[in-house]
Structures are given as C-alpha cells and as structure tokens.
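As structure tokens, the structure follows; a few thoughts come after it.
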Amino acid sequence: RRGEMAKATQLIDNEVFRAYATYAAIVLIKMMLMSLITAYFRMTRKAFANPEDTESFGKGESAKKYLRTDPDVERARRGHLNDLENIVPFVGIGLLYALSGPDLSTALLHFRIFTGARILHTFAYLIPLPQPGRGLSWAVGYSVTFSMAYKVLKTAWLL
Amino acid sequence: RRGEMAKATQLIDNEVFRAYATYAAIVLIKMMLMSLITAYFRMTRKAFANPEDTESFGKGESAKKYLRTDPDVERARRGHLNDLENIVPFVGIGLLYALSGPDLSTALLHFRIFTGARILHTFAYLIPLPQPGRGLSWAVGYSVTFSMAYKVLKTAWLL
Amino acid sequence: RRGEMAKATQLIDNEVFRAYATYAAIVLIKMMLMSLITAYFRMTRKAFANPEDTESFGKGESAKKYLRTDPDVERARRGHLNDLENIVPFVGIGLLYALSGPDLSTALLHFRIFTGARILHTFAYLIPLPQPGRGLSWAVGYSVTFSMAYKVLKTAWLL
C-alpha cells in the first residue's frame, strides 16, 4: 500500500510538476469563475437562454421577455470561450512541458507569465480596457504556450 | 523493452489513477455524445449552419431555408458548451488530484458524484426539467471540482 | 537533484508517451491557429464583436457598423469550436490511452489517423469542401477517440 502511494505521489514530488499543478489549478479555477460572472449578469440583467430559467419571473408571455441576449452577458460569455480556447492548450501542452524536464526557473517563468497574462485578459475584457490591452494580454499568453510547445516537440519528437 | 512497458503502465497500476481514468473517460465520452444529439436535431429539425450541409435538400433558394437556428438544436449546443466549461476543468484538475495521493474512497466519492451530477445535468437540460433541477446538478459538479482543486493546491503549492 | 530529473523525464522516455506528446502538441497547436484565422477574417472583413475593437476605425456611429457578424468569421469560429469539442477529448483520452500500455505501432496508428483527420476537417470547413467531406473527416477522428476510450476502460476499469 505504501509502495503504491509512493508511486502515486512521485510526480507530485517533482518541483516542476508541483509548479505546473499549482498554476494549472489556478488558471482552471479562474476559467470556472467565468460561469459565476455570466450567471451574475444573467440574474441582474434578467437575460436568459432557456424558458425554464425565466419561470420564477412569472408564467407565459410575461416571462418570455427575459429570453433575450444582453451585451454584458454576451461579453462574459465571450471571455469564457476565449479562456477555453487558450487555457485548455496551456493545460495540455503545459503538462507535457512539465514532463519534458525543463529547469524549475524557466518553467516558473512560463507558468507565471501565462497566468498573469490571462488574469489581465479577463480584466481587460470585463472592464473593458481600450485596445490593445486585451489583444496584448492575449498575445502574451498565446506566445508562452507556443514556447512550451516548441520545448515539448524538441524533447519528445516521435512522429 | 519490458522495463519501459513497466514504467508506462506504472500510473495505470495505481488504484486511484485507474478510478480517475475510468471516470474521466466516461465523462469525456458523455461530452462527445452531445455532438450526436446536436446532429440528430439538425437532421430531424432541418436546421443547419453551413450552406454545404443543406445541398442534399436541393440547390439554391430551396435549400437556403434550412440555414436557420432551431430551439432544440440550440439547446443541445448549449448543453455541449456547458459540458466543455465544466468537464474540461474536472479532467484537468482531476488528473492532478489523482496524483496528489488522495484515499481511494475519497477519490471515488469525488469522481462518482461529479459523473452522476453531469449525467443528471444533461437530462435536466434536454428534457428539460424545471429549475432548479439543472442549476443544482451544475452546482454539485462545480463544487466537486473545487474540492479537488483545494486538495491539489494544498498538496502541490509551489508558486 | 539528478534523481528528481530522472523521475520527471521518465514518462517522456517512454516511446508511446513521446508519440502521444508529439501528436497532442501538434493538434493543440492546430487548434490554436484557429484563433489567428478568426482574427484574420475579423480584420479583413471588418466584423467585430466588441465596441473597443472597432475604435481604430473611428469613433461613435462610424465605428458601430463594424459590430456585426460575417459569414467567414462565423465559419472560422464554428471550426474552432468543433476543434474544442473533438481535440479536447482526444488529448484527455489519449493521455490515459498512452498510459494504458498499447503497442507503439497501434498507438501511432491512432494518433496519426486522428491528426490527419482533424487537419483534413479544418481544410474541409474553411475551403469549404462539399459534404460529406467534412462529415467523414469528423467521423474518422471521432471514431479514433472512441477506440482509445475503449482500450482505456478495458485496462483501467475501476468504477
């Protein structure tokens, strides 16, 4: 039993993998929080996508007017989708990168810049900040993921 | 060569990791089935997004009327997107959680509740069940993922 | 320190895992390129989703006309979403599959067919090719992921 445990915790004992686990959890939690922000705007702006979600506001025609889109809801949804498009590749490529044997300091640099850039991106999207604020924060995160992918392909390449 | 195999199958020999692999595969397959449900509604409701998809119904103007949205198609698509937003964090955080050395019984509890909640969520979305059916099943899965993220951060924390 | 490194690079020393890392990185990069294609169409078609993105085209009413949808932008976005729906399950199930101890040749067959099918799918979507070109390339990738999921569940099954 202890032997099994040792095997299971072996990866998590590695410092680069621990750093990866920390930052991957943080950006995935950040992405999940977009659901709460969307829900908040749906409630306060009374803008829903499903008839059954409007029933607490009355039956029939009086509830139908809440089946609508709202600029703040759509903005939060676009931010959430952008997270899916960018955080998912980071988590996938980041795992392979963490297993490709990078220096701890180089790995931390990648993970920290990506995480900072995505948090900035969310603020830039929701406030919203004038461009190129959101564009630049997106490009920084995007470039970090490419840099990790390059290291993965250089180390693992077996086509 | 056998040594390499042994290394490769080491993780899968761990019981917590085997449980993770089982439930992660199940919820990912469940998510993939949403594509078939959307395709079914697109065919039966004749509601498509791409001109080239309507060509079997005739050329030109007669086919254009099938380029439209349909409430059942959109409902299945929203269910699919909600799966992406919730199952992806579960798979990512769940992997790190499985490697953080939890008890098998605690891990199974997390995986089973999440999987059950997401299957309920799909039924609640597609039937549809009156609220708060869908909302509660969403919140249960969401909370399980947060609980696993807490364990990951407590074990791995290296910022 | 060297011992730690050895542990960290152990998985990446395994040939099946190296093949997985290579193809997973390739399809995730392919998915990320969809962002650039969408951005290209948004720029050339002048079709944006956020008011702050149109400000370089003038202030007020003159910029508002660029807040619109465009068929080419929407097509690229649908291709990107389809990648998320299909490449994410491949990356998740593929990781478990790579750890389930398949033969290298069988694993390579799965990874190569999936990757080829998804690259074809993108061309079929963007050109666009007449159906069933896009449908078939989608179905091939979908089937490969199911085949890997079957192997994972057969090997790991612990419910």
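Quick note: numbers below take in every heavy atom, side chains included, and nothing from hydrogens, waters or symmetry partners.
- Contact detail for A:Leu158 and C:Glu15: the closest heavy-atom pair is CD1-O, 3.7 Å.
- Listed here is the closest heavy atom pair of A:Glu85 and C:Ser35: OE1-OG, 4.3 Å.
- In this structure, C:Arg42 places its CZ atom where more than 12 heavy-atom neighbours from other residues, nucleotides or ligands lie under 6.0 Å away.
- Of the possible donor and acceptor atoms, none in the side chain of A:Arg134 sits under 3.5 Å from a partner among the backbone N and O of C:Asp53.
- The number of heavy-atom neighbours closer than 6.0 Å to CZ of A:Arg77, taken from other residues, nucleotides and ligands shown, is 12 or below.
- Interface with chain A: from residues 22-34 of chain C, residues C:Thr22, C:Tyr23, C:Ala24, C:Ala25, C:Ile26, C:Leu28, C:Ile29, C:Met31, C:Met32, C:Leu33 qualify, criterion being any non-hydrogen pair under 4.5 Å.
- More than 12 heavy atoms of other residues, nucleotides or ligands sit less than 6.0 Å from atom CZ of A:Phe146.
- Taking the ring pair (Phe, Tyr, Trp, His ring centres under 6.0 Å) definition, one finds that A:Tyr150 meets it with nothing, sequence neighbours left out.
- Under 4.0 Å is where a charged nitrogen must lie from a carboxylate oxygen, and between C:Glu52 and A:Arg75 at least one such pair does.
- Atom CG of A:Leu81 and atom NE2 of C:His80 lie 7.5 Å apart (nearest 0.5 Å).
- Ranked by heavy-atom pairs under 4.5 Å with chain C, the list A:Val88, A:Ile93, A:Leu159, A:Leu96 is led by A:Leu159.
- Contacts with chain A were tallied for C:Thr115, C:Leu95, C:Leu84; C:Leu84 has the most, counting heavy-atom pairs under 4.5 Å.
- Options A:Trp138, A:Tyr97, A:Phe17, A:Tyr125 differ in how many heavy-atom pairs under 4.5 Å they form with chain C, and the most are formed by A:Tyr125.
- Residue C:Ala39 does not touch chain A at all, counting heavy-atom pairs closer than 4.5 Å.
- When heavy atoms are compared at a cutoff of 4.5 Å, C:Ile87 does not approach chain A at all.
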Quiz prompt | Intermediate values then yes/no, side-chain contact (heavy atoms from CB on, under 4.5 Å), C:Asn50 and A:Gln131 | solution = CA-CA 10 Å; C:Asn50 299 292; A:Gln131 286 285 27; over 6 Å; no
